[in-house]
Student: 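Below you will find the structure I want to go over with you.
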Amino acid sequence: MICDILIVGGEGDLAYRKLYPALYHLDAAGCLSDCMRVVGIARNPAAADDFPGKVRSKFEHFHGSDELDERVWQRFSSRLQYYALDATSETDLRVLREQVFTSEKRDLIVYLATPPTIFAPICQSLWAVGLVRDNSRLVVEKPLGDSRESFLDINRSLTSIFREDQVYRIDHYLGKETVQNLLAMRFANALFEPLWNSHYIDHVQITVAETVGVEGRWDFYDEAGALRDMVQNHLLQLLCLAAMEPPARLDAQSVHDEKLKVLRCLKPMSKRDVRDNTVRGQYAAGAVKGKPVPGYLEEEGARHGSTTETFVAVKAEINNWRWAGVPFYLRTGKRMVKRFSEIIIQFNDVPHSIFGEQITSGAPNRLTIRLQPDEGIRLHLLNKVPGLDDSMPLESVALNLTLSDVFTHQHVPDAYERLFYDVIRANSTLFVPADQVEAAWEWVDKIIEGWKATNKKVVNYTAGSWGPAESIALIARDGRQWHE
Ligand code: BG6
């Protein structure tokens, strides 16, 4: 497929850190057509001097020089172009239309790596100069609003110009290899599906723990907080993949339909649910990996007295036949003790124990799907401890599958590599349609409303810990515990 890529915000952190490197790797894998051009635009005129050189030095800074193959780099750098232009200005974009994207036969992918506040004028200008064609695609990513209403506003500004099927909304978690593997694990194996319901599953835990803090973007983060920044998108997308019905096919529409049904079945949180079943935390100074780190309110640029949450735990419920009565415990936080993302499926106890009380202390069978780091799958089983002891002592052991041990020579593509590749091929399966974003906001809005109505306080946790004690209490009240 012959297409060009236009990166608006082509001088920003996302572009240098993720987008150009992803395209370089696709070039290395032979996935870019020979004549594809990668055009960055931004307002900075200075970047025009040796733009490929700058892309290269940033690549080496973020990914190391070992990853660069000179031959591939020569090819890739010849695709790169930079123009110092204002993307909201018709006059500026007309230059691109008349001098760069002259052929209507080539598909055009426009990636908006800019704040959503300027999506509307950019889309207007693209349209006015004739860059919105049947074969144009638009890529955007979060934050798409801070509520259902603001999302709908932003979305209108996109879909009044582009058709819905031309808009690719990125949730980069969906591009992660192991997140896609969830689909394979669930629907390519007959083993799990019969057990994947409320008859056999006690509860599900989804944790995305980070060790990083706000990384120099305090102002942005403070407006959002962990619920909007992580739960509304990444965690709910993981929940959808874990909970959805088997789609009829692996095409975009079938997968999207099933995910949307899950979001629509999420039990809306009443004020009481919000009071009892959510926790808001904020990190105080502590130590992460042995190094002292400041608290959220002492980070650079912090505003005194902010009550934004950097940790959130929520008990969610899905009102449908498969999941009735099965809680989904979600939690995510910054500056936690270690970086890991996991989905844990906790199976029920055996209906009757012939091993006496050995089986009463927590159900033995647990499936852990580790998304990052060291992706893999672990199945916990009870096993007899070898020996002559008549009491038949049992011990929990794990069947452990670390994916990198099995697929030793496989290059694991970065999420953006996968997602770019899919946009190039116009495959939207791993993107998030507007109705899903809207449904996710609808559920999250209720929590935010409940926090306001109940004056839900943010509680402190020490940086480098597992989060606030209240999060342990949230799950302990149901007689369960986080698996760490
Ligand atoms: C982003 C959030 O969407 O995801 C960040 O805005 C967060 O706050 C990041 O750090 C986590 O992504 P990953 O891929 O590092 O788990």
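All figures in this text were calculated on a predicted structure; none of them were measured in a lab. All ligand and atom numbering here is 1-based and tracks the order in the structure. One is the number of the first residue; the rest follow in order along the sequence.
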Student: Can you sort out which atoms of ligand 1 are near K334, meaning under 4.0 Å from one of its heavy atoms?
Tutor: 5 (C), 7 (C), 8 (O), 10 (O)
Student: Is it possible for you to check whether K54 lies under 6.0 Å from the centre of the six-membered ring of F51, through NZ or CZ, and within 45° of that ring's axis?
Tutor: no
Student: So is Y221 touching ligand 1 or not, going by heavy atoms under 4.0 Å?
Tutor: no
Student: Could you work out, with side chain to side chain donor-acceptor pair (under 3.5 Å) as the rule, every residue matching T332, not counting sequence neighbours?
Tutor: none
Student: Does a side chain donor of either Q372 or S341 reach within less than 3.5 Å of an acceptor in the other side chain?
Tutor: yes
Student: Counting only heavy atoms, tell me which of E210, K18, K176, H234 gets closest to atom 3 (O) of ligand 1.
Tutor: H234
Student: Ignoring hydrogens and angles, state whether a donor on the side chain of T402 or D374 is under 3.5 Å from an acceptor on the partner side chain.
Tutor: no
Student: What are the atoms of ligand 1, with element, lying closer than 4.0 Å to any heavy atom of D229?
Tutor: 2 (C), 5 (C), 6 (O), 8 (O)
Student: Looking only at protein heavy atoms, identify the closest one to atom 15 (O) of ligand 1 and say how far it is in Å.
Tutor: R339 NH2, 3.7 Å
Student: Please write down residue, atom name and distance for the protein heavy atom closest to atom 16 (O) of ligand 1.
Tutor: Y173 OH, 2.5 Å
Student: Any heavy atom of E215 sitting closer than 4.0 Å to ligand 1?
Tutor: no
Student: What do you reckon, does E141 put a non-hydrogen atom under 4.0 Å from ligand 1?
Tutor: no
Student: Could I get the full list of side chain to side chain donor-acceptor pair (under 3.5 Å) partners for Y461, not counting sequence neighbours?
Tutor: T310
Student: Checking a contact table here: which protein heavy atom is nearest atom 12 (O) of ligand 1, and how many Å away?
Tutor: H172 NE2, 3.2 Å
Student: With a 4.0 Å cut-off on N to O distance, would you call E141 and K18 a salt bridge?
Tutor: no
Student: Using the six-membered ring wherever Trp is involved, compare the ring planes of H483 and H203 and label them parallel, tilted or perpendicular (cut-offs 30° and 60°).
Tutor: parallel
Student: Compute the shortest N/O to N/O distance between R217 and ligand 1 and return yes if it is under 3.5 Å, no if not.
Tutor: yes
